2 protein chains.
Amino acid sequence: MAYRETEMMRERKAQARQRIIECAWESVTTGGFRSARITQIASMAGVATGSIYRHFESREELFAEMFRLATQHEVDRVAQALTGPETAAQQLENALRLFAERALRAPTRAWALIAEPVDPKLDEERLVYRRAFARLFEGAIRDGVLDGSLPEQNARLASTSLVGAIAESLIGPLAQASPEPCEAADLKPNELVDAIMQFCMQGLTGTRSQP
Amino acid sequence: MAYRETEMMRERKAQARQRIIECAWESVTTGGFRSARITQIASMAGVATGSIYRHFESREELFAEMFRLATQHEVDRVAQALTGPETAAQQLENALRLFAERALRAPTRAWALIAEPVDPKLDEERLVYRRAFARLFEGAIRDGVLDGSLPEQNARLASTSLVGAIAESLIGPLAQASPEPCEAADLKPNELVDAIMQFCMQGLTGTRSQP
DNA sequence: GAAAGGAGTGAATCACGATTCATTTGTTGT
DNA sequence: ACAACAAATGAATCGTGATTCACTCCTTTC
């Protein structure tokens with residue numbers, strides 16, 4: 001017999017796979033799932049169209065995998081903000097702010113992650129993404145209730161509402177085109193974030209901040 | 001010469017047009033824009049495929065028109081709730097609750113109206129829809145600030161956040177399949193609505209309700 | 001260096017649905 | 001009843017883009 005997959009080959013394939021995912025992500029970040037073409041991704045990655053299918057079952061599968069990775073990255077970022085010496089409420093505010101700012105900085109990406117619908121497989125992944133965030137925020141809210149920085153409440157629902165309020169505030173205005181982001185409510189980006197945060201924190205604490 | 005469009009014919013055409021829109025709406029309500037096929041809509045309406053194009057420039061155009069009508073209907077419903085003898089804050093709560101309940105009762109329709117992306121023409125219409133709601137809620141918030149039932153705040157942004165919080169809370173969990181709606185946060189539908197409303201009203205008033 | 005596979009290629013195929021258009025079926029006025 | 005025209009039809013066409021596959025190119029092993 002001859003040819004047994006060697007370490008070098010495994011490595012090389014893994015790299016190609018990685019490259020494909022990265023290009024897919026770039027394509028999605030630029031124009032959303034809708035306009036991401038397999039053909040174009042292939043040529044970006046410097047491989048033939050058919051080669052994509054050596055690495056992924058289908059277009060769906062490629063996007064699902066890509067989504068999984070991007071999502072994990074984003075969740076990790078936000079999770080980081082949920083550690084530190086501050087009160088849980090303060091940590092949560094930081095995390096929410098980070099979430100909002102990141103979304104605002106890359107609207108097309110945010111849209112793709114949060115809302116753009118593609119196909120059932122992707123929706124499934126998105127659900128996981130949502131749950132990951134929900135769980136994150138939910139935990140922080142529970143902590144806040146324990147350390148007294150937040151009042152008693154339904155943590156699960158509050159966390160969902162938070163994500164929703166932020167996403168809508170950012171994405172609603174930003175969904176269409178990315179060229180001239182943000183003019184929602186006639187505010188500058190950071191003012192927008194501030195205002196969103198005020199609403200969210202009031203919703204959580206039931207206490208007026210900065211009257 | 002002969003044949004000049006008569007009243008009866010005009011009527012008949014208008015009816016067909018109406019029927020087509022209704023069937024399109026039913027189709028969208030059932031499976032979302034994505035799965036609404038012109039062919040199927042035609043057969044539902046009892047006309048030939050080609051006849052659709054006697055009434056509408058294109059698929060896009062049909063959906064846009066349909067969307068416009070559905071939207072108007074929905075907005076009118078909610079606007080109704082914003083009249084009455086109660087404080088503006090109370091009216092707003094009623095309106096929000098109505099919005100949430102209606103969405104909860106027909107998740108696929110709500111999804112189609114609020115979030116499902118289709119094409120640029122539709123997105124434009126959706127923007128109008130969002131603005132209509134925003135304006136509605138915004139006005140109510142302004143009134144609330146005036147009559148003292150709500151504290152000073154950025155009405156525009158608060159209204160956006162409200163729509164977002166509600167939409168996410170409802171649609172996030174309900175987006176996928178309509179068969180078994182609602183088990184979000186392990187709550188029954190009306191409990192879900194109650195919890196959302198609490199969050200929203202706290203966000204608006206900065207006051208803890210039902211501690 | 002030659003056999004034995006695996007990996008890569010990309011033009012051809014296929015699927016799917018919107019749209020068209022030659023033809024048929026009314027409708028109207030005389 | 002007939003001319004003149006509009007409306008309706010739906011099978012055929014077209015466009016788009018994912019997916020395939022017969023073939024070539026590389027690696028590995030002996």
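Quick caveat, the model's predicted, so the values are computed rather than measured. Proteins come first, then strands; the chains are lettered A, B, ... in the order of their sequence lines, and each starts at number 1.
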message = Nearest whole Å is fine: how far is dC26(D) C1' from E5(A) CD?
response = 14 Å
task = Using a 4.0 Å heavy-atom cut-off across all strands, classify R10(B) as base, sugar-phosphate, or nothing.
result = nothing
query = Can you find a side-chain donor-acceptor pair between Q72(A) and D76(A) that sits under 3.5 Å?
reply = yes
remark   = Nearest-nucleotide check on DNA chain C, A48(A) vs T6(B); residue mapping nearer the 5' end is A48(A)
query = dA8(D) P sits how many Å from Q15(B) CD, rounded?
reply = 12 Å
message = What I want to find out is whether E74(A) reaches R109(A) closely enough, with some N-O distance under 4.0 Å, to be called a salt bridge.
response = no
message = Under 3.5 Å, is there a donor on one side chain and an acceptor on the other for D143(A) and Q91(A)?
response = no
remark   = F63(A) atom CZ is separated from dA18(D) atom C1', nearest whole Å, by 11 Å
note = Here the distance between atom P of dG26(C) and atom CE of M8(B), to the nearest Å, is 12 Å
message = Does dA4(C) have OP1 or OP2 under 4.0 Å away from a side-chain N or O of R4(A)?
response = no
request  = Round to the nearest Å and state the distance from E7(B) atom CD to dG29(C) atom P.
outcome  = 12 Å
query = Whole Å only: how far is the CE atom of M9(B) from the P atom of dG26(C)?
reply = 11 Å
Side-chain polar contacts of residues 19-29 of chain B - donor-acceptor pairs under 3.5 angstrom, sequence neighbours left out - could you list them?
unit_1: R19(B); atom_1: NH1; unit_2: A45(B); atom_2: O; d: 2.4
unit_1: E22(B); atom_1: OE2; unit_2: Q18(B); atom_2: NE2; d: 3.3
unit_1: T29(B); atom_1: OG1; unit_2: W25(B); atom_2: O; d: 2.9

key: Distance, nearest 0.5 Å, that separates CD1 of I41(A) from OG1 of T49(A)   = 11.0 Å
task = Specify the separation, in whole Å, of atom NZ of K13(B) and atom P of dG26(C).
result = 17 Å
message = Using a 4.0 Å heavy-atom cut-off to protein, can you give one letter per nucleotide of nucleotides 13-25 of chain C, 5' to 3': B if the base is in contact, S if only the sugar-phosphate is, - if neither?
response = ----SSBB-----
note = Sequence neighbours excluded, the answer for ring-ring contact (aromatic ring centres under 6.0 Å, His included) partners of F56(B) is none
inquiry  = So S51(B), base contact, sugar-phosphate only, or nothing? Heavy-atom distance under 4.0 Å.
reply    = base
request  = Starting from P on dG26(C), measure out to CZ on R12(B) and report it in whole angstrom.
outcome  = 10 Å
Salt-bridge criterion met for E65(A) and R68(A) (N-O under 4.0 Å) = yes
